[in-house]
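Heads up, the thing below is written out as structure tokens.
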Amino acid sequence: MRRRKFISQLSASASVLPFLGLNNTGKSKSFDINAEKIIPKRLRPGDTIGLLTPATYLTEEQLRKAIISLEKLGFKVRYSPNMLVRK
């Protein structure tokens, strides 16, 4: 499959995925457009933010800059030392 065609098909299917749900029987259920939105509380200085990198390699410099930026905003930062491991 050609890369451009694959990417366009992937993006088209990804836009539909949030609307497809499965109930506990494994059968699809309809999406309730009138469902109540869940709005989390706003972050405040002193709150803890956990950093993760599920699909990208981060350099030590990039991690350091991210931590400094978040700490300047008043947040506590947690991260795994394995974030810098590249496999």
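Fair warning: this is a prediction, and the values are worked out from it, not measured in the lab.
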To the nearest 0.5 Å, how far apart are CG in L58 and CG in L51?
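That separation rounds to 8.5 Å.
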Which pairs would a plain distance check flag for residues 37-49, meaning a side-chain donor or acceptor within less than 3.5 Å of a matching protein atom at least two apart in sequence or in another chain?
{"unit_1": "D47", "atom_1": "OD2", "unit_2": "R44", "atom_2": "N", "d": "2.8"}

Counting only pairs under 3.5 Å, give me each side-chain donor-acceptor contact of residues 69-83, with atom names and distances, residues two or more places apart or in other chains.
{"unit_1": "S69", "atom_1": "OG", "unit_2": "K65", "atom_2": "O", "d": "2.9"}
{"unit_1": "S80", "atom_1": "OG", "unit_2": "N82", "atom_2": "N", "d": "3.1"}

Under the side chain to side chain donor-acceptor pair (under 3.5 Å) test, residues paired with E61 that sit two or more places apart
R64
Same cluster (ILVMFWY, side-chain, under 4.5 Å), Y57 and L84:
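No.
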Which residues, ordered by chain and number, are linked to V85 in its hydrophobic cluster, where ILVMFWY side chains connect at heavy-atom gaps below 4.5 Å, directly or through other members?
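ILVMFWY cluster around V85 holds nothing else.
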